Amino acid sequence: MGGSFLERVAHEVLIGDGAIGTMLYAKGVALDANFEHLNLVRPQLVLDLHAEYLAAGAQVIETNTFGANYAKLSAIGIGGKVADINRQGAILARRAAKGRDVLVAGSMGPMGRGKQELSDDQVRDSFRLQAAALAEGGVDLLILETFSELDELETALAAARETRLPLVANLAFGEGSRLAGGIEAEDAALRLTKAGASLVGANCGAGPLELLATLKRIAAVTDLPLAAYPNSGFPEYVDGRYIYRTTPDYFAARAEEMVAAGAVLVGGCCGTTPEHIRVMAQRLKGARPAARVAVGAVSRTPAEEKAKTAASGFLDRWGKEMVVTVELDPPKGLDCSRIVAGSRALKEAGADAINLAENPLARVRMGNLALASLIRREVGIEVIAHITCRDRNLIGLQSDLMGASLLGVSSILAVTGDPASLGEEAGASSVFDLNSFTLIKLLSDLNRGVNALGNPIGAGTGFTIGAAFNPNTQKMEVQVARLAKKVANGACFAQTQPIYDLERFEQMMEQTAHLGIPVLPGVLPLVSGRNAEFLHNEVPGITIPDGIRARMAGKTGEEGVREGLAIAREFIEAALGKVGGFYLIPPFGKYEIAVELVRFIKSKAEHRGH
């Protein structure tokens, strides 16, 4: 028929191709290989796959560039090849399509985990570089696909618009046609329409039937043409390979329903093969765009917007009395007697909450959520459980956090966590599906009564969400900006790394005052000169002034403990009138030192009339 992409979809339904990654995997490319790099090192393999889809009847073929962005490529040391890989991907698809009435779509996917290390400007520039290289290689349109975060897709659209090519914006929706944070399909479609997409739609996901339901919801709120690229159902792991069970006939039947719902560009995602495309192309041959119903308001029940009130706890006393939290290390084995005894002694001394770290320095200790429940039950003191992103994937984090709520653990300090390489467990690996920012966002979503996909979980968890803050940096404003982002995501208090410099403490309080949350400075009493030098030189995030290290120099044993306590008391007394609480970190689990400091703080605060 000929004509531009937008001219064609106005009059005919176009057939897209199917999976690239799973097909390359089926051809023997290892799962841990970089599929996009094949454009440079094994171009014939990519050309052969394009040829298979063209033979099956595809009218729009996608470039092998889905993950060819800077964040993903730099993670394997080839970030400098972004333009080359994308340009070559477009050239290969163009070569395969030569002499045919076929359009080439430049494929662009999300940044993945690497985005966490980039600024907003760097993310935008990365998408801009990829889009420009694809345009230079000769693509007819760009397909931005498998995005699960709407903000990121909007950023990618803004960058890709500079090419002036038609833009297909496909989101990967979760269960119930929702995105992370509970964004509904209708709201997402409206935002993408405003963001300048030429077509909107969905790809990946659970399978054809669920994507069809999502497509119908999108069609109800936008008059833009629609795109649909479903998976071939759920994968099954058989004999070392992932197998997709959806038959080509079933897939094609659902594709017909998608066209009836408004889709004008239909292809396949994970698990689909040239045979799926062949059967679909036969079924849809000569299909025309379906008549669309008038766009109107959609009635639906949104996820609960208002967060459940956080459980009453230590923050209720902020501003009324001096609040003190104390960190204790979970045991390395099964004996909890000492930490329970320490928690009881600290409660009697006046502590308001116990902090339980989670495998600090990536060294195995008892699980802190079960221990938090035990301490809460046996001692009757609130526990702040530190949750890291290192040891669980996104699924495990959500399950454990809902379980923590069930156990009555009401306060969480969200931290990224030390990498597993720091620890002593050979073969252990870090997960890091989330970082501290996104973990706080997840906790906030759970408080609102929805999980990461926006699916309802009930009334909400009611967590009091805390964040870590490091004041011991040369540019504190950078750390303040990070804390502000955490507050925007839902953090309602912060605890800091140990701080010894009063001037830096005052600077911190001044620069964080506008955030409007309690900030508890960390106090870690020193015990010897050697201890002071170790903390200053070897522990990330801790800086000890020269004068204090000089005071501790040569001191050991009881003398060192006395001097360390004296330094801690001096800091606390100087800070008392400027802060509403402290976060005590007794060295080596010596809770007796913390008991003494808790009594000192409470006594001084009482005399000051706090």
Side-chain angles (χ1 to χ4, degrees), residues 5-6 9-10 14 16 60 62 66 69 105-112 115 120 123-124 126-128 130-131 134 139-205 210-230 258-259 261-267 269 289-290 292-298 300 302-303 453-454:
F5 171 68
L6 292 180
V9 294
L14 293 179
V60 179
E62 292 190 39
F66 171 76
N69 57 61
S107 173
M108 296 173 59
M111 294 284 167
K115 187 184 71 165
D120 291 344
V123 170
R124 189 176 298 105
S126 179
F127 284 129
R128 184 180 289 119
Q130 185 179 12
L134 288 167
V139 300
D140 300 293
L141 65 143
L142 296 173
I143 293 185
L144 287 66
E145 56 189 350
T146 326
F147 284 78
S148 59
E149 295 180 15
L150 184 54
D151 289 347
E152 185 181 10
L153 180 49
E154 288 173 324
T155 299
L157 276 171
R161 273 205 312 269
E162 297 178 15
T163 64
R164 300 184 181 277
L165 290 169
L167 305 177
V168 179
N170 282 343
L171 284 161
F173 289 92
E175 184 181 353
S177 302
R178 297 185 185 91
L179 299 173
I183 299 175
E184 304 273 357
E186 293 87 350
D187 296 324
L190 289 171
R191 283 175 56 176
L192 292 176
T193 301
K194 292 178 181 177
S198 307
L199 276 73
V200 296
N203 77 296
C204 207
E210 195 161 296
L211 191 142
L212 174 61
T214 300
L215 201 69
K216 289 178 178 178
R217 292 177 60 174
I218 292 174
V221 297
T222 180
D223 56 4
L224 286 180
L226 305 182
Y229 279 72
M258 293 174 197
V259 169
V264 297
L265 174 62
V266 186
C269 199
R292 298 279 293 278
V293 298
V295 177
V298 175
R300 64 183 184 275
L453 291 176

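Since the structure is predicted, the reported quantities are computational estimates derived from the model, not experimental observations.
In terms of the salt bridge (charged side-chain N to carboxylate O under 4.0 Å, His left out) criterion, residue partners of Arg191 (sequence neighbours excluded) are, by chain and number, Asp151, Glu154. The side chain to side chain donor-acceptor pair (under 3.5 Å) check on Ser198 picks up nothing, with sequence neighbours excluded. Applying the side-chain contact (heavy atoms from CB on, under 4.5 Å) rule to Ala197 yields the partners Leu157, Ala169, Val200; only residues at least two apart in sequence or on another chain are considered. In this structure, the side-chain contact (heavy atoms from CB on, under 4.5 Å) partners of Thr155, at least two apart in sequence or on a different chain, are Val123, Arg124, Phe127. Residues passing the salt bridge (charged side-chain N to carboxylate O under 4.0 Å, His left out) test with Lys115, sequence neighbours excluded: Glu149, Glu152.
At distances below 3.5 Å, not a single donor-acceptor pair connects side-chain atoms of Thr222 with backbone N or O atoms of Ala219. Panel note: side chain Thr214, backbone Glu210; a donor-acceptor pair is recorded below 3.5 Å.
In this structure, Glu145 and Pro110 approach most closely via the heavy-atom pair O-CD, 3.5 Å. The two residues Ala263 and Ala228 make their nearest non-hydrogen contact at CB-CB, 4.3 Å. Here the closest non-hydrogen pair linking Ala185 and Phe173 is CA-CE2, 3.5 Å. Closest approach of Ala227 and Leu215 over heavy atoms only: O-CD1, 3.6 Å. For Gly267 against Pro230, the heavy-atom pair with the smallest separation is O-CD, 3.3 Å. Of all heavy-atom pairs spanning Val221 and Ala189, the tightest one is CG2-CB, 3.9 Å.
Taking 4.5 Å as the limit, every side-chain heavy atom of Val168 sits out of range of all side-chain heavy atoms of Leu142. Within the 4.5 Å cutoff, no side-chain heavy atoms of Glu186 are placed close to those of Ile218. Using a 4.5 Å heavy-atom cutoff, the side chains of Phe147 and Leu179 are not in contact. Residues Leu14 and Phe5 form a side-chain contact, since some pair of their non-hydrogen atoms from C-beta on lies under 4.5 Å apart. At a threshold of 4.5 Å between non-hydrogen side-chain atoms, the residues Arg292 and Leu226 count as touching. With contacts defined as side-chain heavy-atom distances shorter than 4.5 Å, the pair Leu134/Met108 qualifies. The closest side-chain heavy-atom distance from Val139 to Leu165 is below 4.5 Å. Looking at heavy atoms from C-beta onward, Leu192 lies in side-chain contact with Leu150 at the 4.5 angstrom threshold.
Rounding to the nearest 0.5 Å places OG of Ser107 at 6.5 Å from CZ of Phe66. To the nearest 0.5 Å, atom CG of residue Asn69 and atom CD of residue Gln130 are 5.5 Å apart. In this structure, CG on Leu453 lies 12.0 Å from CD1 on Ile183, to the nearest 0.5 angstrom. From Leu144, atom CG reaches atom CG of Leu199 across 12.0 Å, with rounding to the nearest 0.5 Å. Separating the CZ atom in Arg178 from the CG atom in Leu171 is a distance of 15.0 Å, to the nearest 0.5 Å.
Residues Glu184 and Ser177 bring no donor and acceptor atom of their side chains to less than 3.5 Å of each other. Side chains of Asn203 and Thr146: a donor-acceptor N/O pair is present below 3.5 angstrom, by distance only.
Pairs passing the salt bridge (Lys or Arg N to Asp or Glu O under 4.0 Å) check and including a residue from residues 159-172, sequence neighbours excluded, read Arg128-Glu162.
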- prompt: Yes or no on side-chain contact (heavy atoms from CB on, under 4.5 Å) for Leu265 and Ile143, after CA distance, side-chain angles and deciding distance?
  reply: CA-CA 11 Å; Leu265 174 62; Ile143 293 185; 4.3 Å; yes
